[in-house]
Peer 1: 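Let me give you the structure first, and then I'll get to my questions.
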Amino acid sequence: MKKFVNDPTQFVPEMLQGIMAANPGKLTYVPDYNLIMRADMPRDDKVSILQGSGSGHEPAHVMIVGKGMLDGACPGDVFAGPPSDFVIESTKLLNSEKGVLHIINNYTGDRMAFDMGRELAEAEGIRVGTIVVNDDVAVQDSTHTTGRRGVAGNFFVIKAVGAASERGADLDELVALGNRVNDVTRTMGIALTSCTPPARGTPIFEIGDDEMEVGVGIHGEPGRRRDKIKTANEIAEELVEAVVVDLPYESGDEVALMINGLGGTPISELYLVFGIAHAMLTDRGINVTRSYVGEYCTSLEMAGLSLTLCKLDDELNMLFDDPADVAMRIF
Amino acid sequence: MKKFVNDPTQFVPEMLQGIMAANPGKLTYVPDYNLIMRADMPRDDKVSILQGSGSGHEPAHVMIVGKGMLDGACPGDVFAGPPSDFVIESTKLLNSEKGVLHIINNYTGDRMAFDMGRELAEAEGIRVGTIVVNDDVAVQDSTHTTGRRGVAGNFFVIKAVGAASERGADLDELVALGNRVNDVTRTMGIALTSCTPPARGTPIFEIGDDEMEVGVGIHGEPGRRRDKIKTANEIAEELVEAVVVDLPYESGDEVALMINGLGGTPISELYLVFGIAHAMLTDRGINVTRSYVGEYCTSLEMAGLSLTLCKLDDELNMLFDDPADVAMRIF
Amino acid sequence: MGDATLKDAERIVRTIAQTAVDNEAYFSDLDAAAGDADFGHSLSTGFGRLLEQWDDLSYEDVGGLLKAAAIVLSKAVGGVSGPIWGTGFLRAGVALSGNEDPSGEDVVAALRAAAEGIMQRGQAELGDKTLLDALVPATDTLESSLQAGGSPQEAVAAAAATARTSAEGTLGMLARRGRASYTGERSRESVDAGAIAIAVMFENVSAEIGEA
Amino acid sequence: MGDATLKDAERIVRTIAQTAVDNEAYFSDLDAAAGDADFGHSLSTGFGRLLEQWDDLSYEDVGGLLKAAAIVLSKAVGGVSGPIWGTGFLRAGVALSGNEDPSGEDVVAALRAAAEGIMQRGQAELGDKTLLDALVPATDTLESSLQAGGSPQEAVAAAAATARTSAEGTLGMLARRGRASYTGERSRESVDAGAIAIAVMFENVSAEIGEA
Ligand SMILES: Nc1ncnc2c1ncn2[C@@H]1O[C@H](COP(=O)(O)OP(=O)(O)O)[C@@H](O)[C@H]1O
Ligand SMILES: Nc1ncnc2c1ncn2[C@@H]1O[C@H](COP(=O)(O)OP(=O)(O)O)[C@@H](O)[C@H]1O
Ligand SMILES: [Mg+2]
Ligand SMILES: [Mg+2]
Ligand SMILES: [Mg+2]
Ligand SMILES: [Mg+2]
């Protein structure tokens, strides 16, 4: 297993200790609940924002705790949503007069943990608001299933509500805003390799040297189909097309374009694909006015990337312009 | 080959186009010389700072062009320093009354290109200053060889001279400052996998599933030795020890600690190692007061990391605190 | 009598827990086919914690034991399995609450309560291709075998056989819940990991009580 | 006479260029042993560009041809190889400048000028394990063979044989220049890629002019 790791069962706590060591004074680490929270939170004049999906998607979400983004994140083990008491206890620790906002990616495990967490927090008199993110167009949405997965698009939801909460928005406004952002955000991903969860020690799926997995999930779940590896142009075209027709994004729309690395793909390739996708959108009359290239929501060391579009308006432009001071800043 | 690429010979230009597309108005792209430069440069009241090693190390250096860092970068092809006319022409385009500072990693190819570039630029009346970065302790330094390689430590050199140049420092001051930073900066790296240059299409070296390459170069050059893969604790201990004894860094010293990913290692593992190394330095009485975790100088999609220490003082703390607005910012 | 019953219940819960620990890799591999390959790891973490904390659990009767186990599982396990298995144990424990000497019928009722709790928690129905598709038919068989006059050992053996057939019958089914559902038609190509786990647990419990 | 000589020179330069293009993978593989696996790619890019632009090169004599090639190589190739090969061709071209009909001795002098330029540019000496360790002994053999009255064909064949032996003799040598030097003692385990390229080029030139 090609990893820097000691005891795999301690992978998540040791990572959290590292985050803490790199951000003294700014963050607080509560080991019992895998909770990383802002040292200056909660404050009664600001809604607290909590995320907590599985680990293995870093920087999402423990590394984007900070002013203007999350107030706390309480991830579970690698690729497992947090146990419900992480959610309950984290919600209590972040309790503010203005309430606590839960941002949940649409996975059954995450939803159940947050459902239980919300129930018990509300029983203790805490105001809880909930946003469920489900931006992955690779999954056929249907009332018979769990619906779409939440993936890299949750960055835009968090950025918007994080900024708005700093500006003083209340819980209901944030829920409405977050849902609005989720509604105009769509993502699709593609993998060239599988990742290897530390506790498992072997790849989740086998994939040929000349193959790719189209519409892959960020936990190594299979996607729409397995195919021969294509050129960057062909891949970009497929992702752009799948995402654009879904909303649909239309000629004249102003959008943010994100090329998100899944963990093992170098930033050079992400920029290469960004340039191609940017040109393809421009050809369709879709106006890319905000650019996001890098790693936002990964799948351990998976080689691959996802493309996200978020339709912009004046309010979102203003919120996205606001500063965000996160743990993972590298400058 | 598990890469997002069209024609491998167009890998670098297509990446540069992507950087340009993501930073309209801020950057200028000069395709003939692979040059990415600040759109608001040159200015006669500021020394221009130019880097230009091989490509494949992104974000170094084309993605760290921006206010407070580089004014331009003119990389060669993947792992090849730029042809000398890239250096000459880029130097001319960045020419300022206050001069042009060349920051060079200590590789024979890079040095020759910049030597020739400097000669010809000076012949045209341009003032040129040179800093050679050589922070890699894996290479035995000796007067009989080319000396040490420049690796991730060049980030600290660039950050310092970038900030100082914004504050108005002149060329000689910047050369002295850069050399001073280089003198107190040391790095060592370790690889778990090889990278695959796009034009080659196959890995540079074969390495067993249970092996690691200690002291690897950022171009896949072999390091001090091949060994069985060790735990994160053991690896951190070896890197810390090799770097600390080299300067040496001593009890009471104040340092910046960087854990730099080589391209294929997820940020979760980088933070895990950061936490361990931080504790080991603290045990030695060395005071980590600045933390850098992420990708600064990569080797395509190589799995691995490097550890860099930079000894701090008041001036460096001030310069490192200054803002830097680079192309690769992801927030 | 109540004391003997509690000892039996302890043996059964320990057998289930040991099954989870022993099959970590196998259950994760099953989850790899259409999921994220951590089902075995999650179960093994939860039930491993249960075994570790066994001597510190405080309970008076079978219902109390199951509720104590539920709390350990919920706290230790994330993802789908923590809430699902926690809820299952909790509801079964509540169903047997204060019952000093549960009959076979009581056990069937407890298993039905567990299945119903899981359905609510996971918003899943029979046929959605989850562990319910082994648990529910196995419970039916347990009940009918007992009603037909079978011994507890015979009834559990019959239930285990049904659990096995049903679990293997999930091959070809379309997943409508859990991570496997994201794969759509591709989910038909593999069995459901949770259903197989139920089958193995029934089989091991049957072997354990058959030996008694 | 001058015209025939120029045609010969063109054939030789084209043969060298074609050798670089044809051996891209092989030369890169050699560089992989202790370097960064791009030597073949760099040479092939540079000489490929030279072949592409062949019809647009403007020169009057052999020296001019070599200088024109030098400029193409320097502009197209980065890393060590651009400056090294660019300098080599440039110095050889300068040495033959204005020489309408270079003799064997002139060619030897041009090769010596190239080697000296490379030494200055790369701050390398004989024995540092670079392409100089094939180029210099081969030039020596060329000279002595001509002095002993050998025909050009015989002299080049002899030089090629020396280049081959010398290139293979780099196995076991400690690299003191270039990327291979970073590997210290480990550099002894492989031959130098540049030296082998020189040998292959001499061999192919020998075959080409032998056929004439
Ligand atoms: N909504 C649901 N209701 C009941 N059981 C479910 C549900 N979703 C999944 N399962 C069961 O859980 C198993 C997967 O558990 P696990 O791997 O721990 O979940 P995940 O990794 O998706 O969070 C499946 O094989 C299935 O039997
Ligand atoms: N300082 C030097 N002087 C002369 N030749 C050199 C020098 N360094 C390396 N070489 C030659 O160049 C070859 C490597 O070329 P190349 O792979 O293009 O360089 P790099 O990738 O290191 O920039 C070596 O095999 C050696 O023969
Ligand atoms: Mg999971
Ligand atoms: Mg090179
Ligand atoms: Mg799973
Ligand atoms: Mg090379």
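Below, chains carry the letters A, B, ... as their sequence lines are ordered, and counting in each starts from 1. The shown structure was predicted, so the numbers you read here are calculated from the model rather than taken from an experiment.
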Peer 1: Please rank Asn23(A), Ile190(A), Val288(A), Leu192(A) by heavy-atom pairs under 4.5 Å with chain B and give me the top one.
Peer 2: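 Among Asn23(A), Ile190(A), Val288(A), Leu192(A), the one with the most close pairs to chain B is Leu192(A).
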Peer 1: Relative to chain A, which segment of Phe320(B) carries a heavy atom at a distance below 4.5 Å: side chain, backbone, both, or neither?
Peer 2: neither
Peer 1: What part of Met69(B) is in contact with chain A, defined as an atom under 4.5 angstrom from a non-hydrogen atom: side chain, backbone, both or neither?
Peer 2: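 Side chain only.
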Peer 1: For each of Lys159(B), His278(B), Lys3(B), tally heavy-atom pairs with chain A at distances under 4.5 Å, and name the one with the top tally.
Peer 2: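 If we count pairs closer than 4.5 Å to chain A, Lys3(B) comes out on top.
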Peer 1: Quick one: closest heavy-atom pair of Asp210(B) and Lys2(A), and the distance?
Peer 2: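 In terms of heavy atoms, the two residues are closest at N-NZ, 4.5 Å.
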Peer 1: Please find the pair of heavy atoms, one from Phe274(A) and one from Gly18(B), that lie closest to each other, and give the distance.
Peer 2: CD2-O, 3.7 Å
Peer 1: At their closest point, which heavy atom of Pro266(A) faces which heavy atom of Glu301(B), and how far apart are they?
Peer 2: CD-CB, 3.7 Å
Peer 1: For chain A, which of Met258(B), Glu211(B), Met63(B) has the most heavy-atom pairs under 4.5 Å?
Peer 2: Met63(B)
Peer 1: Between Ser291(A) and Ala21(B), what is the shortest heavy-atom contact and its length?
Peer 2: OG-O, 4.1 Å
Peer 1: Where is the tightest heavy-atom contact between Met328(B) and Tyr271(A), given as atom of each residue plus distance?
Peer 2: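 Looking at all heavy atoms of both residues, the closest pair is CA-OH, 3.5 Å.
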Peer 1: How many angstroms lie between CD1 in Ile19(B) and CG in Leu272(A), if you round to the nearest 0.5 Å?
Peer 2: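 Ile19(B) atom CD1 to Leu272(A) atom CG measures 10.0 Å (nearest 0.5 Å).
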Peer 1: Looking at Gly264(A), Gly294(A), Ala22(A), which has the largest count of heavy-atom pairs under 4.5 Å with chain B?
Peer 2: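 Sorted descending by pairs with chain B, the first entry is Ala22(A).
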Peer 1: Tell me, for Ile235(A) versus chain B, whether the close heavy atoms (under 4.5 Å) come from the side chain, the backbone, both or neither.
Peer 2: side chain
Peer 1: Could you have a look at Glu14(B), Glu269(B), Arg329(B) and say which one has the most heavy-atom pairs with chain A under 4.5 angstrom?
Peer 2: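 Maximum pair count with chain A is reached by Glu269(B).
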Peer 1: Heavy-atom cut-off 4.5 Å, strictly under: side chain, backbone, both or neither for Ile276(B) against chain A?
Peer 2: side chain
Peer 1: Which atoms of Ile64(A) are under 4.5 Å from chain B, going by heavy atoms: the side chain, the backbone, both sets, or neither?
Peer 2: side chain
Peer 1: Checking the side chain of Asn6(A) only, and the main-chain atoms of Ala232(B) only, is there a donor and an acceptor separated by less than 3.5 Å?
Peer 2: yes
Peer 1: If the plane angle is over 60° it's perpendicular, under 30° parallel, otherwise tilted; pick one for Phe331(A) and Tyr296(B).
Peer 2: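 Tilted, since the angle between the ring planes falls between 30° and 60°.
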Peer 1: With a 4.5 angstrom heavy-atom cut-off, could you sort out which part of Ile330(A) is near chain B: side chain, backbone, both or neither?
Peer 2: both
Peer 1: If you look at every heavy atom in Ile229(B) and Met1(A), which pair is closest and at what distance?
Peer 2: CD1-O, 3.6 Å
Peer 1: By a 4.5 Å heavy-atom criterion (distance strictly below it), what part of Met302(A) contacts chain B: side chain, backbone, both, or neither?
Peer 2: neither
Peer 1: Between Val326(A) and chain B, with a heavy-atom cut-off of 4.5 Å, which part of the residue counts as in contact: side chain, backbone, both or neither?
Peer 2: side chain
Peer 1: Can any side-chain N or O of Gln17(A) pair as donor or acceptor with the backbone N or O of Gly275(B) at less than 3.5 Å?
Peer 2: no
Peer 1: Heavy-atom distances under 4.5 Å only: say whether Ser268(A) touches chain B with side chain, backbone, both or neither.
Peer 2: both
